Amino acid sequence: MSWLILALLVWLGGWALNIWLSRWDRLRAVRIAVPVIFGVTLLVVWEALVRGFGISPVILPAPSVVAQTFAASTDLLWIDFQQTVVKGALRGFTIGAIAAFVAAVLIDRSKFLTRGLLPIGNFVAALPIVGIAPIMVNWFGFDWQSKAAVVVVMVFFPILVNTVQGLNEASAMQRDLMRTYAANYWQTLFRLRLPAAMPFVFNGLKVATTLALIGAIVAEYFGSPTRGMGFRISTGVGSLSIDLVWAEIAVAAIAGTALYGIVAWIEKRVTFWHPSQRR
Amino acid sequence: MRSAAPVLTVLAVIVGIWYLAVAPMNVRVALDQAERAGEAVVPEGSVPRRAVSVWRLMRDNSEFVHLGYALERPRLPTPQQVGQELWKTTGEMVQKGRPFSKRGLIYHGWITLQSTLWGFALGTLVGILGAVAIVYSRTAQLSLMPWAIISQTIPIVALAPMIIVLSSQAGIEERGVPKAIISAYLCFFPVLVGMVKGLRAPQPAQLDLLRTYNATGLQSFLRLRLPASVPYLFTSLKVGIAAALVGTIVGELPTGAISGLGARILIGDQFGAPLAIWSALFAAAVLAGALVTLLDLIQRITLKRMGMAT
Amino acid sequence: ADDVTLQLKWVTQAQFAGYYVALEKGFYDEEDLNVTIKPGGPDIAPTQVLAGGGADVTVEWMPAALAAREKGLPMVNIAQPFKSSGMMLTCRKDAGVETTADFPGKTLGVWFFGNEFPFLSWMSQLEIPTDGSEAGVEVLKQGFNVDPILNGQAACVSTMTYNEYWQVIDAGLTPEELTIFKYEDNGVATLEDGLYVLEENLEDPAFEDKMVRFVRASMKGWKYAEENPDEAAEIVLEYDETGAQTETHQKRMMGEVAKLTAGSNGALDPADYERTVASLLSGGSDPVISAAPTGAWTHQITDKALN
Amino acid sequence: MSLNTARAAIVSAQNLDLTFQTGDGPVHALKGVSLDIEKGDFVSFIGPSGCGKTTFLRCMADLEQPTGGSITVNGTTPEDARKARAYGYVFQAAGLYPWRTIGRNISLPLEIMGYSKADQAQRVARTLELVELSGFENKFPWQLSGGMQQRASIARALAFDADILLMDEPFGALDEIVRDHLNEQLLQLWARTEKTIAFVTHSIPEAVYLSTKIVVMSPRPGRITDVIDSPLPKERPLDIRESPEFLQIANRVRDGLRAGHAYD
Amino acid sequence: MSLNTARAAIVSAQNLDLTFQTGDGPVHALKGVSLDIEKGDFVSFIGPSGCGKTTFLRCMADLEQPTGGSITVNGTTPEDARKARAYGYVFQAAGLYPWRTIGRNISLPLEIMGYSKADQAQRVARTLELVELSGFENKFPWQLSGGMQQRASIARALAFDADILLMDEPFGALDEIVRDHLNEQLLQLWARTEKTIAFVTHSIPEAVYLSTKIVVMSPRPGRITDVIDSPLPKERPLDIRESPEFLQIANRVRDGLRAGHAYD
Ligand SMILES: Nc1ncnc2c1ncn2[C@@H]1O[C@H](COP(=O)(O)OP(=O)(O)OP(=O)(O)O)[C@@H](O)[C@H]1O
Ligand SMILES: Nc1ncnc2c1ncn2[C@@H]1O[C@H](COP(=O)(O)OP(=O)(O)OP(=O)(O)O)[C@@H](O)[C@H]1O
Ligand SMILES: Cc1ncc(C[n+]2csc(CCO)c2C)c(N)n1
Ligand SMILES: [Mg+2]
Ligand SMILES: [Mg+2]
């Protein structure tokens, strides 16, 4: 009972603190502190609820237990991280992103192709592509190649569609300007259309980062070497090492957030001029 | 409609490439089969053949290449095989008068659709409420927004078994619920982001106008923010329903393998029936297309009614 | 009627025919039970479902149950309809596997998710490392199908006598092309498909009584299924919600499963138990369980049910 | 600087100060602004970009809080005046809600203020007539030209009985010919309704043509540099703009402007 | 309609027609437009919205293909003239690329035309000085005021040696004072560089103040209704705008405009 009251108090306290803090929402420190406090509050409430209700650790372990497991299994987590994130997700993401970008620029040369491929690309981008995971495992084997293949296909279409759309973003006036200079195709591409497309390209990249991890992990369910985050998660559930499962989830969340953060950071640098990035 | 011709052309090209790709993809299996049937294949034995490239195999055994187009367990089925399988599990079922047979995709599509719609409803609700909180409370904005992003980087598949157990502990036995929760988990994010944008779409001048009327918070929400957000809402609903479908299928892959298109993919995999996987994938594509098109239609009608059609 | 929820270890198939027969034939009704059968799946851990209160009783393999017991989840075996183990490793001769001595350097497909324990103790008995080192075997987490052996990704895959083995055969490989290692024959058989409940529940006489009736009816179902395999298979098909199971396959599976249930009246044979524990304890550097468990099985139910 | 402190003052600002705190440091948007507006006045504010015209209007309407000095409207605070619905505010862009028809745009303030349905309908009809838009009630804003939209937004501000009409560059986006036409109409409307109008513009002829009083402002910090009471008669045909008095006032305004202008 | 067919014509349009095919049927944007522009002319185009001013400029610059009549520029087709880089085009909005600094925006055409690095730097410096923006070279467009942006876009058009400057409402978005100032500067610049300028505006005083020739157009279909050769001297102080000649031309323009105007 006292744990539940503690949970309630921490929740109210954390929220009140945040309300008070967010009065200085222009300060960088506050913009960081508030979500951190929110996250910490969540963890404390989780801990208190698990203890308060006496929830079995094989169903939902307390964060403190997860933290211990995390600290005790860093070697394992590191191996899995390399297998799934570095080899599967990142390689797939890179290949998929480059392929999509190049394809977009090529498609863009032909009005016909653009008109034909864009609706199809848009459609495919809305499909549950994860479903191809078993096929990819069959085609590309059990190691990271099949995971990367799933990721390639998953990230390809959102990036393609966004890039093609972005390449058409330059206003008619900006294009006319290039025409009055009698600029050729490549000059217009590099000096006008690619820079103007960047905000869109990065939108696609950001969507793709979250897809990449899901794809790599799901694909491991259909076969993997005896390492990898998806492998460890499913094995962990099977052997009731739920604390290890949560440690893997934490790694995934950290990796995903970092990946997203890196893309957002590069975006900030590349599209500094865009109104959404100023202010 | 202007793009009908290009789209069809591109589709035709894709199908063409697909047909061509079947030969190299399936040649090894075809040769194994031929060899087992007593034919002479060069080189002999599937293990030695692994060292030889598919192109050489196709050249040296050209008489068996056609076998790759009619395999029972192809690595890559032909479009025609997929089409036949789709027909067998949908149209033929209807003809036989058992449209909702468990052996047909209509039943499984329906299961998936139900979860998707529940997840979509739940996700949309959470997304909209979250957006309202974020737009109206600085604290909510600062606290929730980063976590909304982080939430999407968590592999929900990992949560699936725990969601099942926790929801059954909470007394929910319905199999669809965990799927719907996963689906809502993926769906709420685009809706949240879109609605935050939409609810913030009114210009300061439009808000100031209401202030000069001394309008209440509720009045300005209902008369300004909400209608102004409608175009954004629809755009994000379309993304959201696609995400909800992905969520349902991801949820069906490991959480039960009982029914639904995701389960069909899994079962197809378990029994080494690639055609079942491919036909379930295409059924999912049709479902996604139908849902998005439907929303698009509603969007057009609504915006037209509201005088906001572009 | 009293409600009982049974969590299966895997999808609806003839492996669980006894329970479906008991349900369909009204054996449960006769015992005044209202039984719900929950099919399992790749990501459903029966142990976890049991812990979460999602089921009263579950079908599980003993290694997983004992491992869960060590993790602090006190599961108890109350009945053991499967006498022998159906697990085996199926290998291709053309990949160079004829005896266990051929394993090192080969790639083997293994089921994980709690099903890897018998394999691991077998390998440690053979003193073959599984960590990917030179002298050892390369272990793959096998998916749900036997593709790896068909397309050469693995030299051996895990199969059950009643299920995956026939998929290998159906795919065109002939028994002559295959080498088969049954766990039974290699002295590493572990008990499969027992019925498990939570220890604390057994103290409740009402629950105990429910289980007595449940086991009695279930065994009646199993014996009926053994005698009428085709009918049992058809009943299973009826309950299959995936719509993917085929009649031939289920009938064949029922036939094979009957061989495994034959010889069990439902009561656990303590000798089998000891053999399983010994095999699991022998896991070399990394045994599945670290100490012989106590109280992991009981005849409390079967004694009442079967007499 | 001319300081009228007549009793009939409807708006009275004394030494008003407003400083915005921004990321780049404080911006002194208004400094020591004192001004009285009398009932029925048509006051134009003119000055280079950033001199605080909008800010001053917003202070009157309680959309911005002064950081110093005092301002009263109808003898009370701007907040009370706002709550008493004393203002009709017309923004630069028409700012009609695209999802409402013209009629429903005009009835928006009426709905909010709780007028009865019948009253709403009657007032919408009346104001539509006033701005010569009868018959366009069921059109959506984008079906109207820019000038018509701007008239609709004026109608919206007239629909309820606000004492004071605040207009912030309402015709800024329109072309000269349409603008002339609307100027004429606005004058007629003002004559008919006897509202008090505060009007921001960038155009010297517009300011001179419309106003009874022209307030010239200069930026950094925003101050009033000149207040000109117009000697022009209330009745003003368009070609009054070529009369010598007109040109003379225009020149005085231009000089005032140029003095305070930094060009960019 | 006045038709100068002098030999020094730099642009010569004969009976130009342009019809856009739109979803709602054809739009006759230009109909029988004939006009000669001589070297060193400053020609203003004025007319209500939609009368085809922009379309005519775009025809000159080979951005639009006439559907009838003929047009030559420098004695060749507009396309050849464009390829010979004869045009400096200044659009209504400054249209600077936000990802380039002011300096690099101005060097954009130079890069495309393959000027050497050294030449680029020198030309950028010179044109920046010409438009009084020295020192802002490394700022980004959004860090500058509207007027400064517009000057930068003029600098961009001046950086290379285009014979003809086409300016489509370049000052439309600026306030009157800034506009006056830029008008003065533009006149000086024109006097110094002796370019030929075609200039679109909505403002009558601006057109009269700047031009040697004023072209008045009317819509539906777009036609030239009047061409006025300005008797004003080349040297024009700002207060020339109060001179009787000025007002007289202005009135002629206004009458011409009103005749073709539909008000809304
Ligand atoms: N909300 C705000 N925060 C910070 N600074 C502001 C804000 N509003 C206005 N300012 C600054 O205050 C000064 C006065 O602005 P204001 O909008 O009143 O000028 P204005 O005379 O209306 O100009 P314009 O003719 O461009 O509309 C400007 O320097 C402006 O940048
Ligand atoms: N690309 C186009 N397609 C179809 N119609 C067009 C196109 N461009 C212009 N028009 C139409 O041609 C007519 C002339 O347009 P134009 O832009 O030349 O007018 P304008 O005089 O520049 O007007 P404004 O003062 O509003 O800029 C208008 O009716 C316009 O709608
Ligand atoms: C991920 C996963 N892989 C394999 C099994 C193993 N399994 C348990 S019972 C059974 C019977 C044969 O179909 C099989 C194969 C599992 N449970 N989960
Ligand atoms: Mg302003
Ligand atoms: Mg134009």
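Just so you know, these numbers come straight off a predicted model, no measurement behind them. Lettering follows sequence order; numbering is per chain, from 1.
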(Q) At a heavy-atom distance under 4.5 Å, which candidate from C:Ala154, C:Pro148, C:Pro46 has the highest pair count against chain A? (A) C:Pro148
Q. Under the 3.5 angstrom rule, does the side chain of C:Lys141 hit a backbone N or O of A:Arg227 as a donor-acceptor pair?
A. no
Q: Without swapping roles, check the side chain of C:Gln153 against the backbone of A:Phe142 for a donor-acceptor pair under 3.5 Å.
A: no
[atom1] of [X] to [atom2] of [Y]: how many Å apart, nearest 0.5 Å?
X: A:Ile135; Y: C:Asp147; atom1: CD1; atom2: CG; value: 11.0 Å
X: A:Asp143; Y: C:Glu138; atom1: CG; atom2: CD; value: 8.0 Å
X: C:Leu140; Y: A:Thr226; atom1: CG; atom2: OG1; value: 8.0 Å

Q) If we only count heavy atoms from C-beta on, is the C:Thr47 to A:Val58 side-chain gap below 4.5 Å? A) no
Q. Which atom names give the shortest non-hydrogen contact between C:Ala45 and A:Gly238, and what distance separates them?
A. CB-CA, 4.4 Å
**Q.** Closest contact, heavy atoms only, A:Leu240 versus C:Gln48
**A.** CD2-CB, 3.8 Å
**Q.** Under 4.5 Å from a heavy atom of chain A, the part of C:Glu70 involved
**A.** neither
Q | Proximity breakdown for C:Ala67 and chain A, heavy-atom pairs closer than 4.5 Å | A | neither
Q. At a heavy-atom separation under 4.5 Å, does A:Leu60 approach chain C through its side chain, its backbone, both, or neither?
A. neither
Q) Would C:Phe113 and A:Thr235 satisfy side-chain contact (heavy atoms from CB on, under 4.5 Å), going step by step from the backbone distance to the final call? A) CA-CA 4 Å; C:Phe113 204 75; A:Thr235 313; over 6 Å; no
Q. Which of the residues A:Ser224, A:Ser239, A:Pro225 is involved in the greatest number of heavy-atom pairs with chain C at under 4.5 angstrom?
A. A:Ser224
